[in-house]
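One structure is given below, encoded as C-alpha cells.
Note that the structure is predicted; figures quoted are calculated from it, not measured. Throughout, protein chains are lettered first and strands after them, A, B, ... in sequence-line order, and every chain is numbered starting at 1.
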Amino acid sequence: MKIGYPCINRSVQCSGSKTFRLASYSEARLKETVANNLSCLERIISYNAERGILFFRVSSDIVPFASHPVCVFGWQGHFRGGLERIGARIRAHRMRISMHPDQFTLINSHDEEIYDRSVRELRYHCELLDLCGLDRTAKVQIHVGGVYGDKPASMDRFVRRYARLGDAVRRRLVIENDDRLYTVSDCLELHARTGVPVLLDVFHREINPDGLSLKESFKKTAATWLKRDGLPMVDYSSQLKGARPGSHAVALDPRRFKKFLADSRPADFDLMLEIKDKEKSALRAIRIAAGDPRLRAFKKGLTKSCRASSMS
DNA sequence: GGCAGTCAAGTACGC
DNA sequence: GCGTACTTGACTGCC
C-alpha cells in the first residue's frame with residue numbers, strides 16, 4: 001500500500017497547476033506556465049519522497065489547453081528533458097502516479113464532437129505520462145459519463161466507444177464509480193464487457209450504493225486489475241459535516257480512517273486521499289497506517305535486496 | 001493591493 | 001429555460 005493525495009501541495013510554496021485564461025493564450029505564456037508547473041511538480045515529488053508519500057495525482061493543468069485547438073505548440077519536444085527528469089525521479093522513488101481528467105471528459109456522450117474532444121484530452125494525459133517514461137501502472141481515471149435518460153444504452157455506447165480508443169489510452173485508462181450515476185456494479189459490468197480496470201471510490205460507494213458489501217467491492221474491483229496494471233487504486237474521502245452529501249471533508253478523521261484500514265483487510269491497494277488539506281492528511285494517514293502490515297511490507301520493498309528481487 | 005466575478009469543456013437537477 | 005453543483009483554486013479586471 002502506498003498512500004497519497006491529489007494535485008496540490010500546500011506546504012511547498014508553489015503551484016504545479018498554474019493556468020491562465022483562454023483569452024490570454026500565447027506561446028510565450030504557455031512556455032512560461034509549463035516551465036513553472038514542471039519545476040513545481042519536481043519540488044512536490046521531492047517533498048513527497050522525503051516524507052514517504054509514494055502516491056500522487058498529477059494535475060491535469062500541467063500543460064494548460066494541451067488538448068485545445070488553440071495549442072499548436074510542440075510542448076512534447078520542448079519539455080521532453082524536464083519530463084524525463086521528473087519521470088526518472090518518480091521511478092527512482094518507486095512512486096505511483098495517477099491523473100484524473102475532469103468531468104468534461106465523456107467517452108459515452110451522444111455527441112461525437114464531445115467524444116472527440118474527450119479522446120484528445122485522454123491522449124494528452126497519456127502522452128504526458130509516456131514522456132515521463134512511466135509504465136502502464138501509472139493510470140488515468142475517469143467516470144463512466146452521463147446517463148442521458150437511458151443507462152443501458154449509455155453503457156452500450158461506453159463499450160463501443162472504448163473499443164475505438166487507441167492502445168496508448170486503453171493501457172492507462174481506468175473507470176471509477178461516481179456519487180450519483182454509475183455504481184461499483186455498473187463499473188464491474190463495463191469491465192466484464194471491455195476489460196477496463198475499476199478503481200473503487202469508497203466514499204462514492206457509500207453515497208451511491210448497489211448492495212455490494214465493502215469487502216465484496218474490494219474483492220471484485222481488485223480482480224479487474226491485471227498484474228501489469230499494478231496494485232489496484234482506491235480513492236478515499238469522508239463526508240464534510242453539515243455540507244451536501246458528497247462534499248469532501250477538510251481533514252482526515254483518524255478514528256474513521258483506522259476503521260477503514262481494519263475493514264479493508266486483507267485487500268492491498270494504493271490509496272488516494274481526496275481530502276481538502278491534501279498532504280497534511282496524507283502524512284497523518286501514513287502515521288496511522290504505520291503499524292499496518294500492508295504499508296510495512298512496502299517499506300521493506302525499499303531495501304536494496306527487495307528492489308533487486310522485484311526487478312527479477 | 002484587495003476584492004469579487006469568473007473561468008474551455010458537460011450533465012443532471014431543482015426551481 | 002435558467003442557475004447551480006461538481007473539485008476547487010486562482011486568474012483577471014476593477015476599484
| field | Inter-nucleotide P distance (dT12(C), dA8(B)), Å rounded | value | 9 Å
| request: Quick one: label Arg29(A) by what it contacts on the DNA or RNA (base, sugar-phosphate, nothing), any heavy atom closer than 4.0 Å. | output: sugar-phosphate
| Expressed in whole Å, how much space separates the P atoms belonging to dG5(B) and dT7(C)? | 23 Å
| query | Atom CD of Glu274(A) and atom P of dG9(C): how far apart are they, to the nearest Å? | reply | 14 Å
| request: Rounded to whole angstrom, note down the P distance from dG2(B) over to dT8(C). | output: 26 Å
| So what does Ser17(A) touch, heavy atoms closer than 4.0 Å: a base, only the sugar-phosphate, or nothing? | nothing
| request: Kindly say if Lys276(A) contacts the phosphate of dT7(C), meaning a side-chain N or O under 4.0 Å from OP1 or OP2. | output: no
| request: Dot-bracket for DNA chain B, please, read 5' to 3', with Watson-Crick or G-U wobble pairs under 3.5 Å on both distances, ( ) within the strand, [ ] crossing, | other strand, . unpaired. | output: |||||||..||||||
| Closest to the Ile114(A) side chain, choosing from dT11(B), dA8(B), dC6(C) | dT11(B)
| said: So, does Arg120(A) get its side chain near the phosphate of dA9(B), meaning an N or O under 4.0 Å from OP1 or OP2? | reply: no
| message | According to a cutoff of under 5.5 Å between the ring centres and under 30° between the ring planes, does Phe104(A) stack with the base of dG10(B)? | response | no
| Using a cut-off of 4.0 Å on non-hydrogen atoms, how would the nucleic acid contact of Tyr148(A) be classed: base, sugar-phosphate, or nothing? | sugar-phosphate
| Nearest-nucleotide 5' precedence on DNA chain C, Phe20(A) against Ile8(A) | Ile8(A)
| task | Write down the distance between CZ (Phe65(A)) and P (dC11(C)), rounded to a whole number of angstrom. | result | 12 Å
Under 3.5 Å, sequence neighbours excluded: what are the donor-acceptor pairs made by side chains of residues 68-85 of chain A?
unit_1: His68(A); atom_1: ND1; unit_2: Val70(A); atom_2: N; d: 2.9
unit_1: Gln76(A); atom_1: NE2; unit_2: Glu127(A); atom_2: OE1; d: 3.2
unit_1: Gln76(A); atom_1: NE2; unit_2: Glu127(A); atom_2: OE2; d: 3.2
unit_1: Arg85(A); atom_1: NE; unit_2: Glu42(A); atom_2: OE2; d: 3.1
unit_1: Arg85(A); atom_1: NH2; unit_2: Glu42(A); atom_2: OE1; d: 3.3

| message | As a test of reading the structure: which of dT7(C), dT11(B), dA10(C) is closest to the side chain of Arg21(A), going by heavy atoms? | response | dA10(C)
| query | Is any side-chain N or O of Ser67(A) closer than 4.0 Å to OP1 or OP2 of dA9(B)? | reply | no
| message | Both Thr19(A) and His143(A) contact DNA chain C. Taking the nearest nucleotide for each, which residue is further toward the 5' end? | response | His143(A)
| If you measure from the Lys or Arg side-chain nitrogens to the Asp or Glu carboxylate oxygens, is any gap between Arg160(A) and Glu112(A) under 4.0 Å? | no
| query | Out of dA10(C), dG10(B), dA8(B), which nucleotide sits closest to the side chain of Ser15(A)? | reply | dA10(C)
| is_close_aromatic(Phe203(A), Tyr236(A)), centroid dist under 6.0 Å | no
| task | Could you please name the option among dG10(B), dA8(B), dA12(B) that lies closest to any side-chain atom of Leu22(A)? | result | dA8(B)
| field | Proximal nucleotide (of dT11(B), dT8(C), dA8(B)) relative to the Ser109(A) side chain | value | dT11(B)
| said: Would you measure the distance from the P atom in dA9(B) across to the matching atom in dG3(C) and give it in whole Å? | reply: 16 Å
| request: Ignoring the backbone of Val147(A), work out which of dA12(B), dT11(B), dT7(C) is nearest its side chain. | output: dA12(B)
| field | Lys276(A) NZ: over 12 foreign heavy atoms closer than 6.0 Å | value | yes
| message | Without decimals, in angstroms, what is the distance between Leu181(A) CG and dA5(C) P? | response | 18 Å
| query | For the residue pair Phe218(A) and Phe260(A), does the interplanar ring angle fall in the parallel (under 30°), tilted (30 to 60°) or perpendicular (over 60°) class? | reply | tilted
| Atom pair distance, as rounded to whole Å: CZ in Phe203(A) and P in dT7(C) | 8 Å
| said: Between the side chains of Asp235(A) and Arg57(A), is the shortest nitrogen-to-carboxylate-oxygen separation below 4.0 Å, so that they form an ion pair? | reply: yes
| Are the charged groups of Arg294(A) and Asp292(A) less than 4.0 angstrom apart, N to O? | yes
| field | Which atom of Arg136(A) lies closest to which atom of Asp229(A), heavy atoms considered | value | NE-OD1, 3.9 Å
| request: Examine dA10(C): is either OP1 or OP2 under 4.0 Å from a nitrogen or oxygen in the side chain of Lys18(A)? Give yes or no. | output: no
| Think Arg157(A) forms a cation-pi with Tyr148(A), using NZ or CZ under 6.0 Å from the six-ring centre and within 45 degrees of its axis? | yes
| Rounded to whole angstroms, how far apart are OH on Tyr25(A) and P on dC11(C)? | 17 Å
| remark: note: Asn36(A), atom CG; dA10(C), atom P; distance rounded to Å ~ 11 Å
| What is the nucleic acid contact for Asp102(A), judged by heavy atoms within less than 4.0 Å: base, sugar-phosphate only, or nothing? | base
| request: Nearest whole angstrom, please: distance from the P of dC6(C) to the CG of Asn208(A). | output: 15 Å
| query | Roughly, in whole Å, what's the span from CG in Asp116(A) to P in dA9(B)? | reply | 17 Å
| task | With heavy atoms under 4.0 Å as the rule, sort Val70(A) into base, sugar-phosphate or nothing. | result | nothing
| For Arg57(A), which contact category applies under a 4.0 Å heavy-atom criterion: base, sugar-phosphate, or nothing? | nothing
| query | Does a salt bridge link Arg96(A) with Asp270(A), judged by any charged N lying under 4.0 Å from a carboxylate O? | reply | yes
